[in-house]
Amino acid sequence: MASSFRSSASLSSNLPSSASAHRASGEVHLIVGPMFAGKTTSLLRRIKSETNNGRSVAIIKSSKDNRYAIDSIVTHDGAKFPCLALPDLSSFRQKFGDDAYEKLDVIGIDEAQFFEDLYDFCLKAADHDGKTVIVAGLDGDYLRRSFGSVLDVVPLADTVTKLTARCELCGKRAFFTLRKTEDKQTELIAGSDVYMPVCRQHYVNGQVVIEAARSVIESHKVKGEAYSEVASAV
Ligand SMILES: Nc1ncnc2c1ncn2[C@@H]1O[C@H](COP(=O)(O)OP(=O)(O)O)[C@@H](O)[C@H]1O
Ligand SMILES: Cc1cn([C@H]2C[C@H](O)[C@@H](COP(=O)(O)O)O2)c(=O)[nH]c1=O
C-alpha cells in the first residue's frame with residue numbers, strides 16, 4: 001500500500017506542469033467508408049448532438065470539394081451545415097482566431113482524404129489542446145488504395161466506424177466506390193455522375209467491364225490512326 005502511494009506520488013511529480021496537462025482530455029473519432037455511405041450525414045448528426053449538449057463546435061472541409069457549396073458541408077441528400085473550407089488543416093487556428101480556437105470543444109473534419117496534415121492536426125488538437133476531433137473521409141480511392149492520410153489516423157483514434165452504402169447494381173451492402181469514367185488521376189471531385197457505390201462482386205465485375213471498354217476504345221484509336229496514316233499516304 002505504502003509503496004503504491006509512493007509510486008503514484010512520484011508519478012504525479014513527473015507530470016508536466018504546462019496548461020495542456022490540466023486540460024480535459026481530447027478524443028479522436030474516425031468515420032470511413034465508400035462514397036454515399038452516409039459519412040457526412042453521420043458527422044453532422046454527431047456535431048448537432050454535441051451542440052445540443054452545449055459544446056462549441058466548428059467544421060472544416062477541404063477547399064478542393066466545391067461540389068455543392070463552398071462554405072457549407074452538404075450531404076448527397078441535401079442536408080447542410082456551415083463550415084470553413086481550407087486547403088490544409090495547419091491554417092485552421094490562424095483563420096479561426098486564437099481566442100475562438102481556445103473556446104472550441106469539438107472540431108469536425110469532412111473530406112479528410114484531401115488533407116495531407118491530418119495526422120499532425122489530430123494529434124495536436126486531441127492530445128495537446130483537449131479537443132474532440134471527428135474525422136470523416138474515404139478510406140480507399142476508386143482503385144481501393146489507401147486514400148491520403150485517413151488510415152494513418154487509426155492508431156490515434158478512440159473509435160473507428162466503417163459505414164457501408166447500398167450497391168447500386170444489386171442492393172447488397174457496398175464497401176467500395178467504382179469510378180465509371182476512364183479518368184486515371186487519384187483526385188477527381190465529382191458525385192453520382194462519375195462514381196457509384198458497389199459490393200465486392202460488382203466492383204470486380206465493374207473493373208473488368210471498364211478495362212474491356214478501355215481496350216476496345218484504345219484499339220479503335222490505333223485502327224483510326226493506322227487508317228488516317230494510310231489515307232494520307234494514298
Ligand atoms: N448512389 C447514390 N447516388 C446519390 N445519392 C445516394 C446514393 N446512394 C445513397 N445516396 C444518398 O446519400 C446519402 C448519404 O450522403 P452522405 O452523408 O453525403 O454520404 P457520404 O458522405 O458517405 O458520401 C444517403 O442517405 C442517400 O440518401
Ligand atoms: C473514390 C474517389 C473519390 N474522390 C472524390 C469524389 C468526391 O468529390 C469525394 C468523396 O466525397 P464523398 O463525400 O465521400 O461522397 O472524393 C476522388 O477524388 N478520388 C477517388 O478515387
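A quick note: this is a predicted structure, and the numbers were derived from the prediction, not measured. Every number for a ligand or one of its atoms is a count from 1 in the order of the listing. FYI, the numbering just counts along the sequence from 1.
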Asker: Nearest heavy atom to atom 10 (C) of ligand 2 wins, so pick from R145, E111, K61.
Answerer: E111
Asker: Just which atoms of ligand 2 are under 4.0 Å from any heavy atom in E187?
Answerer: 18 (O)
Asker: List every atom of ligand 2 that sits less than 4.0 Å from any heavy atom of R179, numbering the atoms from 1 in the order shown and giving each element.
Answerer: 19 (N), 20 (C), 21 (O)
Asker: What protein heavy atom sits nearest atom 7 (C) of ligand 2, and how far away is it?
Answerer: A190 O, 3.3 Å
Asker: For ligand 2, which atoms have a heavy atom of T177 less than 4.0 angstrom away?
Answerer: 1 (C)
Asker: Who gets closest to atom 15 (O) of ligand 2 by heavy atom: Q185, H76, K39?
Answerer: H76
Asker: For ligand 2, is K64 a contact, meaning one of its heavy atoms is under 4.0 Å away?
Answerer: no
Asker: So which of Y142, F36, Y195 gets nearest to atom 17 (C) of ligand 2, if we judge by its closest heavy atom?
Answerer: Y195
Asker: Just by distance, do the side chain of R166 and the backbone of G171 share a donor-acceptor pair under 3.5 Å?
Answerer: yes
Asker: Which protein non-hydrogen atom lies closest to atom 5 (C) of ligand 2, naming both residue and atom, and how far is it?
Answerer: L188 O, 3.5 Å
Asker: For F81, run the side-chain contact (heavy atoms from CB on, under 4.5 Å) check against L43, I59, T40 and tell me which one passes.
Answerer: I59
Asker: Going by the order shown, which atoms of ligand 2 are within less than 4.0 Å of some heavy atom of Q113?
Answerer: 9 (C), 10 (C), 16 (O)
Asker: Heavy-atom pairs closer than 4.0 Å: do any link ligand 2 to the side chain of P34, the backbone, both, or neither?
Answerer: neither
Asker: Please state which protein non-hydrogen atom is closest to atom 19 (N) of ligand 2 and give its distance, to 0.1 Å?
Answerer: T186 O, 2.6 Å
Asker: Between ligand 1 and the protein, tabulate every N or O atom pair separated by less than 3.5 Å, reporting distance only.
Answerer:
{"from": "ligand 1", "atom 1": "1 (N)", "to": "E168", "atom 2": "OE1", "distance (Å)": "2.8"}
{"from": "ligand 1", "atom 1": "15 (O)", "to": "H76", "atom 2": "N", "distance (Å)": "3.4"}
{"from": "ligand 1", "atom 1": "17 (O)", "to": "T41", "atom 2": "N", "distance (Å)": "2.9"}
{"from": "ligand 1", "atom 1": "17 (O)", "to": "T41", "atom 2": "OG1", "distance (Å)": "2.5"}
{"from": "ligand 1", "atom 1": "18 (O)", "to": "H76", "atom 2": "N", "distance (Å)": "2.9"}
{"from": "ligand 1", "atom 1": "19 (O)", "to": "G38", "atom 2": "N", "distance (Å)": "3.1"}
{"from": "ligand 1", "atom 1": "21 (O)", "to": "T40", "atom 2": "N", "distance (Å)": "3.0"}
{"from": "ligand 1", "atom 1": "21 (O)", "to": "T40", "atom 2": "OG1", "distance (Å)": "2.9"}
{"from": "ligand 1", "atom 1": "22 (O)", "to": "A37", "atom 2": "N", "distance (Å)": "3.1"}
{"from": "ligand 1", "atom 1": "22 (O)", "to": "G38", "atom 2": "N", "distance (Å)": "2.9"}
{"from": "ligand 1", "atom 1": "22 (O)", "to": "K39", "atom 2": "N", "distance (Å)": "2.8"}
{"from": "ligand 1", "atom 1": "22 (O)", "to": "K39", "atom 2": "NZ", "distance (Å)": "2.8"}
{"from": "ligand 1", "atom 1": "23 (O)", "to": "F36", "atom 2": "N", "distance (Å)": "2.9"}
{"from": "ligand 1", "atom 1": "23 (O)", "to": "H76", "atom 2": "NE2", "distance (Å)": "3.1"}
{"from": "ligand 1", "atom 1": "25 (O)", "to": "D77", "atom 2": "OD2", "distance (Å)": "3.2"}
{"from": "ligand 1", "atom 1": "27 (O)", "to": "D77", "atom 2": "OD2", "distance (Å)": "3.0"}

